[in-house]
Amino acid sequence: MTDTQHINPRSKQREAATGGFILGVWLAGISLLSYEADLAGRQLGMIANILNLAGWVVITYIFSKRMASSYGDAGFSFNQCMGFILLMMLFAGFLHGGAQWALYIHDPEYFKTLINTALSEAGISEIKGDEMVRATEMMANPFVMIVSGIMTTLIYGGLTGLLISAFVKRPPVQKQQ
């Protein structure tokens, strides 16, 4: 029996869920920090982005390293690490999307401002009237917000996961006879 057969698949899911929960709470906290800073008239965008990236990388690295160590002598391949990170991102994205929806319920005007800012930065003129109502209603749907949170974390987590997986992967230990 090899070391790989001793690894319980549920422990991988549990570790991914734990890491995803912590990352999701971190992302929700950064969103809340940005929201409160905007209300206070302070632009903490750059600081929030740095905190977001640092927390994202550190939390993902720590949980990936823990998962890699649980594989023991069997090693932990790049693909296994990417799979683990993407699984972790599913859990984090669900929480992050849910937190965004809760923030929308709390302050819908804030989201209208965010939508207009994003559109103007993309070169699209500000939308008005019925178009704005339809766009806001579509974005206010909890399903859309949660799926958006999941997709965002999968993309962002996948990109950072490429780098993290390169550092976390380890080849199997060759037994000397």
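Sequential numbering from 1 along the given sequence is applied to the chain's residues.
- Side-chain contact between Met88 and Ile59 is present, with heavy atoms from C-beta onward closer than 4.5 Å.
- Between His106 and Tyr35, the angle of the ring planes goes over 60°, which puts this pair in the perpendicular group of the 30/60° scheme.
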From CA spacing to verdict: side-chain contact (heavy atoms from CB on, under 4.5 Å), Trp26, Leu51: CA-CA 9 Å; Trp26 175 262; Leu51 287 173; 4.3 Å; yes

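- Inspection of the Ser70 and Glu15 side chains reveals no N or O donor paired with an N or O acceptor under 3.5 Å.
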Chi angles and distances behind the side-chain contact (heavy atoms from CB on, under 4.5 Å) call for Leu53, Tyr156: CA-CA 10 Å; Leu53 179 62; Tyr156 198 54; 3.3 Å; yes

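- Summarising the geometry of Gln100 relative to Ser31, their closest heavy-atom pair is NE2-OG, 2.7 Å, with the distance given to 0.1 Å.
- Heavy atoms only, all atoms of each residue included: Ala74 and Pro172 are closest at O-CB, 3.3 Å.
- Using a 4.5 Å heavy-atom cutoff, the side chains of Leu23 and Thr153 are not in contact.
- In this structure, the separation between CD1 on Ile30 and NE2 on His96 is 9.5 Å, given to the nearest 0.5 Å.
- Residues Ile22 and Phe63 are in side-chain contact: their nearest non-hydrogen atoms beyond the backbone lie under 4.5 Å apart.
- Here the shortest heavy-atom pairing between Phe76 and Ser64 reads CE2-O, 4.1 Å.
- Taking CD from Gln13 and CG from Leu90, the interatomic distance works out to 11.5 Å, rounded to the nearest 0.5 Å.
- Atom CD1 in Ile155 sits 12.0 Å away from atom OG1 in Thr160 (nearest 0.5 Å).
- Contact of the Trp56 side chain with the Met89 side chain is registered, since non-hydrogen atoms from C-beta on lie closer than 4.5 Å.
- Although no hydrogens or angles enter the test, the distance criterion places a donor-acceptor pair under 3.5 Å between the side chain of Gln80 and the main chain of Ser77.
- Of the possible polar contacts, one joining the Arg170 side chain to the Gly72 backbone as a donor-acceptor pair under 3.5 Å is found.
- Expressed to the nearest 0.5 Å, how far OH of Tyr61 lies from CD1 of Ile85 amounts to 11.0 Å.
- At least one side-chain heavy atom of Tyr71 sits under 4.5 Å from a side-chain heavy atom of Lys12.
- The heavy-atom pair separating Trp101 from Met145 by the smallest distance is CA-SD, 3.2 Å.
- Taken to the nearest 0.5 Å, the CG atom of Leu162 stands 12.0 Å off from the CZ atom of Phe167.
- Distance check, rounded to the nearest 0.5 Å: CG of Asn52 to CD1 of Ile47 gives 13.5 Å.
- Judged by distance alone, the side chain of Ser69 and the main-chain N or O of Arg66 form a donor-acceptor pair under 3.5 Å.
- No side-chain heavy atom of Leu27 sits less than 4.5 Å from a side-chain heavy atom of Leu95.
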